Amino acid sequence: TTDKMLLRTHTSPVQVRYMETHKPPFQIIVPGRVFRFEATDASHESNFHQIEGLAVGKNVSLANFKYVITQFFRQFFGAGTQVRFRPSYFPFVEPGLEVDVKFVRPETGEEGQWLEVMGAGMVHPKVFQSVKYNPKDVRGFAFGMGLERLAMIKYKIPDIRLFYSGD
């Protein structure tokens with residue numbers, strides 16, 4: 001019945017399904033629309049587009065993750081973009097990280113504030129066990145970020161609700 005239905009809250013199940021049908025090494029990007037039970041305001045919306053990534057292989061490390069993500073944000077926002085990694089908790093990764101960016105506004109030369117843009121971490125060994133990978137043989141990193149949040153930062157859009165206003 002419809003009272004027991006739940007729209008997907010993240011795209012992580014796609015990563016699990018992929019691992020169930022593919023053998024490492026691989027890297028995937030998983031885009032999709034997601035829905036959350038949230039009070040909407042200028043920076044929160046009940047539906048948005050999420051982009052998740054997963055890299056799995058024999059020698060995948062946290063250093064690999066940090067390099068890939070730093071390069072991505074410097075390409076996306078500009079070469080002077082600063083990236084910082086803070087410890088955090090997410091249930092399917094260990095260690096878990098939140099990723100923040102900060103950059104100098106070219107029009108003013110002023111340094112911006114730190115902005116959280118991504119949750120991430122190293123895939124927990126129990127996740128690998130659940131898809132029948134030996135966690136002694138593979139390692140991986142995973143991340144997730146909101147597409148609208150990145151667009152808001154890059155194009156100076158002040159309110160996430162503008163994406164769905166029809167204006």
Side-chain angles (χ1 to χ4, degrees), residues 8-16 18-19 24-34 36 38 41-45 48-106 108-131 133-158 160 163:
R8 72 178 176 184
T9 58
H10 51 85
T11 55
S12 299
V14 177
Q15 294 181 25
V16 172
Y18 190 89
M19 285 191 282
F26 57 80
Q27 303 86 37
I28 62 171
I29 296 293
V30 180
R33 191 170 179 189
V34 297
R36 303 268 173 89
E38 288 206 40
D41 61 27
S43 61
H44 296 87
E45 179 57 86
F48 59 94
H49 294 86
Q50 186 174 53
I51 301 170
E52 291 195 15
L54 173 66
V56 177
K58 187 170 183 67
N59 297 310
V60 175
S61 70
L62 188 58
N64 297 137
F65 167 74
K66 290 173 75 173
Y67 176 81
V68 166
I69 296 308
T70 299
Q71 292 305 308
F72 169 77
F73 284 124
R74 288 183 177 161
Q75 288 288 318
F76 190 79
F77 289 123
T81 302
Q82 297 175 56
V83 181
R84 95 177 157 187
F85 303 88
R86 293 181 292 115
S88 190
Y89 172 77
F90 299 101
F92 303 110
V93 295
E94 180 60 39
L97 302 166
E98 289 193 12
V99 181
D100 304 327
V101 296
K102 180 166 72 167
F103 41 87
V104 174
R105 297 273 181 201
T108 64
E110 293 178 22
E111 191 171 276
Q113 61 186 7
W114 286 107
L115 302 167
E116 179 192 338
V117 291
M118 173 186 293
M122 297 301 292
V123 178
H124 196 287
K126 290 187 180 210
V127 173
F128 289 144
Q129 289 172 339
S130 72
V131 295
Y133 293 174
N134 184 342
K136 293 179 181 176
D137 295 337
V138 295
R139 297 177 51 166
F141 63 76
F143 60 84
M145 58 189 155
L147 181 60
E148 286 84 354
R149 179 167 291 174
L150 296 182
M152 288 175 71
I153 296 166
K154 185 172 178 90
Y155 299 110
K156 302 175 195 78
I157 298 168
I160 195 169
F163 288 104

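If you're wondering where the values come from, they're calculated on a predicted model, not measured in any experiment. Heads up: numbering here begins at 1 and tracks the sequence.
In this structure the side chain of Phe26 reaches within 4.5 angstrom of the side chain of Leu54, judged on heavy atoms. Contact of the Arg84 side chain with the Trp114 side chain is registered, since non-hydrogen atoms from C-beta on lie closer than 4.5 Å. Side-chain atoms of Val93 and Met122, non-hydrogen and from C-beta on, never get closer than 4.5 Å to each other. Within the 4.5 Å cutoff, the side chain of Leu62 has heavy atoms near those of the Leu97 side chain. A 4.5 Å side-chain heavy-atom check between Val83 and Phe77 finds every atom pair outside the cut-off. With contacts defined as side-chain heavy-atom distances shorter than 4.5 Å, the pair Glu148/His49 qualifies. Here the side chains of Phe92 and Ser12 are not in contact, with every heavy-atom distance at 4.5 Å or above. In this structure, Pro135 and Gln129 have side chains that are in contact, with non-hydrogen atoms separated by less than 4.5 Å.
Judged by distance alone, with hydrogens and angles left aside, the side-chain atoms of Arg74 form a donor-acceptor pair with the main-chain N or O of Thr81 at under 3.5 Å. Side-chain atoms of Arg8 come within 3.5 Å of backbone N or O of Arg33 as a donor-acceptor pair. Listed for the Gln50 side chain is no donor-acceptor partner under 3.5 Å among the backbone atoms of His10. Without hydrogens or angle criteria, Thr70 side chain to Tyr67 main chain gives no donor-acceptor distance under 3.5 Å.
What you find for Gly57 and Pro25 is that their closest heavy atoms are CA-CB, 4.1 Å. Closest approach of Ile157 and Ala151 over heavy atoms only: CD1-O, 4.0 Å. When all heavy atoms of Thr11 and Gly32 are compared, the closest pair comes out as CG2-CA, 3.8 Å. Of all the heavy atoms in Gly140 and Val60, the pair that sits closest is CA-CG1, 3.8 Å. Considering all non-hydrogen atoms of both residues, Phe85 and Ile69 come closest at CE2-CG2, 4.3 Å.
Atom CE of Met145 sits about 10.0 Å away from atom CD of Glu52, to the nearest 0.5 Å. Here the CZ atom belonging to Phe128 is positioned 9.0 Å from the CZ atom belonging to Arg139, to the nearest 0.5 angstrom. Summarising the geometry, atom CD1 belonging to Ile160 is positioned 8.5 Å from atom NE2 belonging to His44; distances are rounded to the nearest 0.5 Å. Separating the CZ atom in Phe143 from the CZ atom in Phe65 is a distance of 7.5 Å, to the nearest 0.5 Å. The CZ atom of Arg86 lies 4.5 Å from the CD atom of Glu98; values are rounded to the nearest 0.5 Å. If you take CZ on Phe103 and NZ on Lys154, they are separated by 9.0 Å, rounding to the nearest 0.5 Å.
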### Message
Test side-chain contact (heavy atoms from CB on, under 4.5 Å) on Glu45 and Phe163; report intermediate values, then the result.
### Response
CA-CA 10 Å; Glu45 179 57 86; Phe163 288 104; over 6 Å; no
### Query
Taking it one step at a time, do Val127 and Gln15 satisfy side-chain contact (heavy atoms from CB on, under 4.5 Å)?
CA-CA 11 Å; Val127 173; Gln15 294 181 25; over 6 Å; no
### Message
What verdict does the side-chain contact (heavy atoms from CB on, under 4.5 Å) test give for Phe48 and Val34, after you've listed the backbone C-alpha separation in whole Å, the side-chain angles of each residue and the deciding distance to 0.1 Å?
### Response
CA-CA 6 Å; Phe48 59 94; Val34 297; 3.5 Å; yes
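Other residues, nucleotides and ligands contribute over 12 non-hydrogen atoms within 6.0 Å of the NZ atom of Lys102.
Just one residue in the list Val101, Val99, Leu150, Asp100 forms a side chain to side chain contact (heavy atoms under 4.5 Å, CB included) with Met118, and that residue is Val99.
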